[in-house]
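Along the sequence shown, residues carry numbers from 1. Keep in mind the model is a prediction, meaning the values are calculated, not measured.
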Amino acid sequence: MGLKRENSRMVGKLAVITVGMFAFGYALVPIYKSICEMTGINILALGEQVVSGQKANVVNTQVDTSRTITVEFDANSRGPWDFKPAQRSVQVHPGEITTVMYEFQNIQNRRMSAQAIPSYAPLQASAHFNKLECFCFNQYTLEPGEKKAWPVVFVIDPKLSKDVSTITLSYTFFEVGGKTPAAPVASVKVPAVESAGS
């Protein structure tokens, strides 16, 4: 009888602890919101705040609307596949987040893995061209005939020199571990060494 009573007590304690844990988990959401509002930590959710029945209009103060930069898109490939930007250029303000798409199709009759490498012109723009999302960060495997469209999300740092008005973003898409031949290596003739006995 004593063991049965102890087991019942233990089950009761565990049930109370379980209910307490769920209650604490649900209480964390309002506690978190209160702490964020008091400290101003959750600045990303400012657009969700309601001001007199309407959403707050949050303006990105980092955007330099006094300048416009033309960003041109280029695509090169080392291999038999189709790779191109969905649009050839966009006009952006420094600090403005922009999304463009690149299209790719494996036109071979075999599976292939590939990756893209970006380059910039002028070279000084590379330090100020910040990609937030880019297909160049990963390798991709595509089946024969498979088509993909990948986004590039970027922002140009307002600290970019004011004399730069056009930036070209170029991608070279190449097969990883594939059949693309390597660049030729120059051969060097080594003169024959005569033996000491001759």
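- In this structure, Glu96 CD and Gln91 CD are separated by 10.5 Å, a value rounded to the nearest 0.5 Å.
- Looking at Asp64 and Lys162, their side chains come closer than 4.5 Å, going by heavy atoms from C-beta outward.
- More than 12 heavy atoms of other shown residues, nucleotides or ligands fall within 6.0 angstrom of atom CG in Leu14.
- No side-chain heavy atom of Phe129 sits less than 4.5 Å from a side-chain heavy atom of Leu160.
- Between Leu169 and Tyr120 there is a side-chain heavy-atom pair separated by less than 4.5 Å.
- In this structure, the separation between CE on Met112 and CZ on Phe174 is 10.0 Å, given to the nearest 0.5 Å.
- The minimum heavy-atom distance linking Ser170 with Asp74 is given by the pair OG-OD2, 3.0 Å.
- The local environment of CG in Asn7 is crowded, with over 12 non-hydrogen atoms from other residues, nucleotides or ligands closer than 6.0 Å.
- Using a 4.5 Å heavy-atom cutoff, the side chains of Ile97 and Leu132 are in contact.
- With a 4.5 Å cut-off on side-chain heavy atoms, His93 and Thr68 count as touching.
- Here the straight-line distance linking atom CZ of Arg88 with atom OG1 of Thr70 works out to 15.5 Å at 0.5 Å rounding.
- Legend: salt bridge (charged side-chain N to carboxylate O under 4.0 Å, His left out) pairs involving residues 141-157, not counting sequence neighbours, sorted by first then second residue: Arg111-Glu143, Glu146-Lys148.
- Aromatic ring centres of Phe135 and Tyr171 lie closer together than 6.0 Å.
- The closest side-chain heavy-atom distance from Asp163 to Gln124 is below 4.5 Å.
- Among all heavy-atom pairs drawn from Pro94 and Arg67, the shortest one is CD-O, 3.5 Å.
- The closest side-chain heavy-atom distance from Ser119 to Thr172 is not below 4.5 Å.
- When the options Tyr102, Tyr140, Phe83 are evaluated for a ring-ring contact (aromatic ring centres under 6.0 Å, His included) with Trp150, the one that passes is Tyr140.
- Annotation: the span from Ile167 atom CD1 to Ser126 atom OG amounts to 9.5 Å, rounded to 0.5 Å.
- When all heavy atoms are compared, the tightest approach of Gly95 to Val63 is O-CG2, 3.5 Å.
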